[in-house]
Protein chains: 2
Amino acid sequence: MPAPSTRDLIVKEADVLFYQSGFEATSFADIAAAVGISRGNFYHHFKTKDDILDAVIAHRMERTRAMLDRWQTENEGPRERILSFIHMLIANRSQIMNFGCPVGTLCSELAKLDHAAQVHATGIFGLFRDWLAVQIRALGAVDRAEVLALHLLAWSQGVAVLATAFKDEAFICNEVAGIEHWLESLPEGPRNSSN
Amino acid sequence: MPAPSTRDLIVKEADVLFYQSGFEATSFADIAAAVGISRGNFYHHFKTKDDILDAVIAHRMERTRAMLDRWQTENEGPRERILSFIHMLIANRSQIMNFGCPVGTLCSELAKLDHAAQVHATGIFGLFRDWLAVQIRALGAVDRAEVLALHLLAWSQGVAVLATAFKDEAFICNEVAGIEHWLESLPEGPRNSSN
DNA sequence: GTCTATAGCCGGATAGAC
DNA sequence: GTCTATCCGGCTATAGAC
């Protein structure tokens, strides 16, 4: 692995800061300080702040794709793969209680800013939705797979929002148990509606 | 009803702008322009921007309380009252697809800003949670009422986040139908777990 | 590729006339 | 109670030396 370029370092630090402080509240000075370079140097790598945002989103999409691929190969069946997704809520609970879900909060912020990159950011949700739909289809729920995938995604987002608001770890565990129970009920019933 | 004071107008316009553009992205100039006063005049009514935020949150709490009271008296039973809550997602779907849930997005933004008012804003969620718990208790789910109330709140938040991201009206309707189905199943089963 | 210096703008906040 | 004028600081972005 070669030494990371300055550009890569900028994207990496911007990624963290956009998550923890939000896109708009993060200034060039903040990123520069985190990377350890001067503010001026910056514009040699990115023309505008929006360019950094695009790079951060592209980076997150790449990481998401890699993570989904890993879950795909590391798990034996679709049920275990979906569990990997669900357990993110547990594994990242501290971060989620402090800053919410990186994807959901970014999409919401960009929507309010009426920012062109909002569609780009939503693409990350799309990756999860499509991957989950593949797994759910493999479970046997062929015709309603997309709807169920969106439902699972929405559920996890709701958990993230309330976890951030109330900082309640027990709530997260309760909901995760609920999601697991829902997952178990998925292929058996004759008509597994969205609850 | 007396003519609204300038202070009331500021709170009213700030309320809308904080919702549509976010707290940080809304400047004094924006609010002043919306109200039709000069920026300087502003500080006669509020010392700092944070003071306006506090007033906006207090105003939202008051409106929420009034709405919950109205739902309480306008509906015959707890089930119909909960339906009033659920149908907010339909009634406000345009706004939600553009700007998300006013409560959830504000809490998330304030969390990232590490803002002292975040606890205050979470109090609005608390109003909904407690009111929903009362209704669910009246349905017969006495011991798990609070957990189920939080679950319903989370579900609606998840719908709002994904609706904002994907701008998908059919998705909202699907999920609302799912919530209604979940509500119907509430008191009957011997063990209505969180799905 | 990285730096310093600085332009130009806009943010929140203040002072004081009317 | 509302206004104009203004301060100060931080912001994005640029210019140009090294």
Side-chain angles (χ1 to χ4, degrees), chain A residues 1-57 59 106 109-110 112-118 120, chain B residues 1-59 106 109-110 112-118 120-121:
Chain A
M1 195 184 300
S5 67
T6 300
R7 200 199 125 99
D8 293 339
L9 286 175
I10 290 173
V11 172
K12 184 187 146 210
E13 296 297 337
D15 184 21
V16 174
L17 286 168
F18 287 174
Y19 174 42
Q20 296 184 345
S21 306
F23 168 66
E24 231 211 336
T26 301
S27 69
F28 279 18
D30 295 331
I31 306 173
V35 179
I37 59 170
S38 70
R39 271 163 307 165
N41 186 1
F42 230 95
Y43 291 87
H44 190 263
H45 303 280
F46 298 95
K47 288 197 193 305
T48 68
K49 196 181 177 186
D50 288 350
D51 287 346
I52 303 180
L53 176 60
D54 283 336
V56 166
I57 293 173
H59 179 243
L106 182 61
E109 182 182 0
L110 295 181
K112 279 185 203 281
L113 297 177
D114 204 16
H115 198 291
Q118 201 250 357
H120 195 183
Chain B
M1 195 184 301
S5 68
T6 300
R7 199 198 125 100
D8 292 339
L9 286 175
I10 291 173
V11 172
K12 184 187 147 208
E13 297 296 338
D15 184 19
V16 174
L17 286 168
F18 287 174
Y19 173 43
Q20 296 185 346
S21 307
F23 168 66
E24 233 212 335
T26 301
S27 68
F28 278 18
D30 296 330
I31 307 172
V35 178
I37 59 170
S38 70
R39 271 164 309 175
N41 186 1
F42 235 99
Y43 291 86
H44 190 262
H45 304 279
F46 298 96
K47 288 196 195 306
T48 69
K49 195 181 177 186
D50 288 350
D51 286 347
I52 301 179
L53 176 60
D54 283 337
V56 166
I57 294 174
H59 178 243
L106 181 61
E109 181 182 0
L110 296 181
K112 280 185 202 280
L113 296 177
D114 205 17
H115 197 292
Q118 201 251 356
H120 195 182

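Close to dT12(D), at under 4.0 Å from its OP1 or OP2, lies no side-chain N or O of T48(A). In this structure, S27(A) reaches the dC11(D) phosphate: one of its side-chain N or O atoms is under 4.0 Å from OP1 or OP2.
Rounded to an integer number of Å, the gap from F28(A) CZ to dT2(C) P is 16 Å. Taking atom CZ of R39(B) as the reference point, atom C1' of dG11(C) lies 10 Å away to the nearest angstrom. Atom pair H44(A):NE2 and dT12(D):P shows a separation of 20 Å (rounding to whole Å applied). The distance from atom CZ of F42(B) to atom P of dT4(D) is 15 Å, rounded to the nearest whole Å. Atom OH in Y43(B) sits roughly 15 Å away from atom P in dC3(D) (whole-Å rounding). The interatomic distance linking K49(B) (NZ) with dG9(D) (P) rounds to 19 Å, in whole Å. Nucleotide dA15(D) holds its P atom 11 Å from the NZ atom of K47(A), rounded to whole Å. Atom C1' of nucleotide dC11(D) and atom CD1 of I52(A) are separated by 13 Å, given to the nearest angstrom.
Within the 4.0 angstrom heavy-atom criterion, only backbone atoms of the sugar-phosphate kind lie near T26(A); the bases stay farther away.
Taking only side-chain atoms of N41(B), from C-beta outward, the nucleotide of dA13(D), dT2(C), dG1(D) with the closest atom is dG1(D). Proximity note for H45(B) (side chain, C-beta onward) versus dT2(D), dA13(C), dC3(D): the nearest is dT2(D).
Under the 30°/60° scheme for interplanar angles, the aromatic rings of Y43(A) and F28(A) are found to be tilted.
Counting heavy atoms of neighbouring residues, nucleotides and ligands inside a 6.0 Å radius, atom CG of D114(B) does not exceed 12 of them. More than 12 non-hydrogen atoms from other residues, nucleotides or ligands lie less than 6.0 angstrom from NZ of K49(A).
Between the side chains of S38(B) and N41(B), not a single donor N or O lies within less than 3.5 Å of an accepting N or O.
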